[in-house]
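Computed from heavy atoms alone, side chains included, the values below leave out hydrogens, waters and symmetry copies. Quantities reported herein were computed from a predicted structural model and do not represent experimental measurements.
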Amino acid sequence: MEVPMKKNTFADFAICMAKEYEPFRRRIMERFSLSAAEVDVLMFLANNPEYNTAAQVSKIRMIPKSHVSLAVNSLSEKGLLIRKSGENRKSVCLIPSESAAPVIAFGREMQDAFQEALFLGFSAEEKAMFDTLHEKMRKNLENTKKDRKS
């Protein structure tokens with residue numbers, strides 16, 4: 001017999017996780033005088049170089065296009081982001097500059113610290129189980145998306 005997950009458990013977890021990540025992001029913001037959107041955009045581009053357009057950042061990170069646009073302009077002005085014309089000349093590729101290296105390094109330290117806090121007390125086996133379950137949920141969502149399209 002399947003035991004259903006409480007309706008609000010997952011939503012509560014997602015909200016709590018976002019809230020608890022905020023102090024880690026704030027440290028990046030304060031150290032480098034960046035906005036939350038600037039940190040989110042820069043770290044996303046650094047961690048996911050295969051997604052390098054403003055449209056991709058907006059879609060995948062679910063940040064409003066206007067916020068991404070403002071962050072990209074500001075990061076470019078600060079010398080932390082390079083804009084390069086894409087292959088089709090319609091899209092502009094966004095690439096963190098060399099000047100962004102200290103921000104990215106500290107950002108990754110904060111992401112690692114948050115992950116350590118999140119998994120405190122987990123055994124290696126439990127972490128592996130989490131990865132397995134997380135991947136299974138991702139595949140379920142992909143299949144649900146495919147089913148909606150057909």
So which pairs with a foot in residues 35-48 pass salt bridge (charged side-chain N to carboxylate O under 4.0 Å, His left out), sequence neighbours left out?
Arg25-Asp40, Glu38-Lys78, Asp40-Arg61
If you look only at pairs with a residue in residues 97-115, which of them pass as a salt bridge (charged side-chain N to carboxylate O under 4.0 Å, His left out), with sequence neighbours excluded?
none
So with a 6.0 Å cut-off around CE of Met129, is the heavy-atom count from everything else above 12?
no
Is the OH atom of Tyr51 crowded by more than 12 outside heavy atoms at less than 6.0 Å?
no
For the residue pair Asn48 / Gln56, report whether a side-chain donor-acceptor contact shorter than 3.5 Å exists.
no
Presence of salt bridge, Arg138 and Glu135, under 4.0 angstrom:
yes
Per-pair distances, 0.1 Å, donor-acceptor, side chain in residues 114-125, under 3.5 Å, sequence neighbours excluded:
{"from": "Ser123", "atom 1": "OG", "to": "Glu125", "atom 2": "N", "distance (Å)": "3.4"}
{"from": "Ser123", "atom 1": "OG", "to": "Glu126", "atom 2": "N", "distance (Å)": "3.0"}
{"from": "Ser123", "atom 1": "OG", "to": "Glu126", "atom 2": "OE1", "distance (Å)": "3.4"}

Going hydrophobic residue to hydrophobic residue with side-chain gaps under 4.5 angstrom, can you get from [X] over to [Y]?
X	Y	answer
Ile82	Val39	no
Phe106	Phe44	yes
Phe24	Met17	yes
Leu70	Val41	no

Are [X] and [Y] packed together at the side-chain level, in the sense that at least one heavy-atom pair is separated by less than 4.5 angstrom?
X	Y	result
Asn52	Ile95	no
Arg83	Leu94	yes
Arg26	Met29	yes

Using every non-hydrogen atom in the two residues, find where Leu80 and Ser99 come nearest and quote the distance to one decimal.
CD2-O, 3.6 Å
Taking Ser58 for its side chain and Ile63 for its backbone only, find out whether a donor-acceptor pair lies under 3.5 Å.
yes
Answer yes or no: is there a donor N or O on one side and an acceptor on the other, between the side chain of Glu20 and the main chain of Cys16, under 3.5 Å?
no
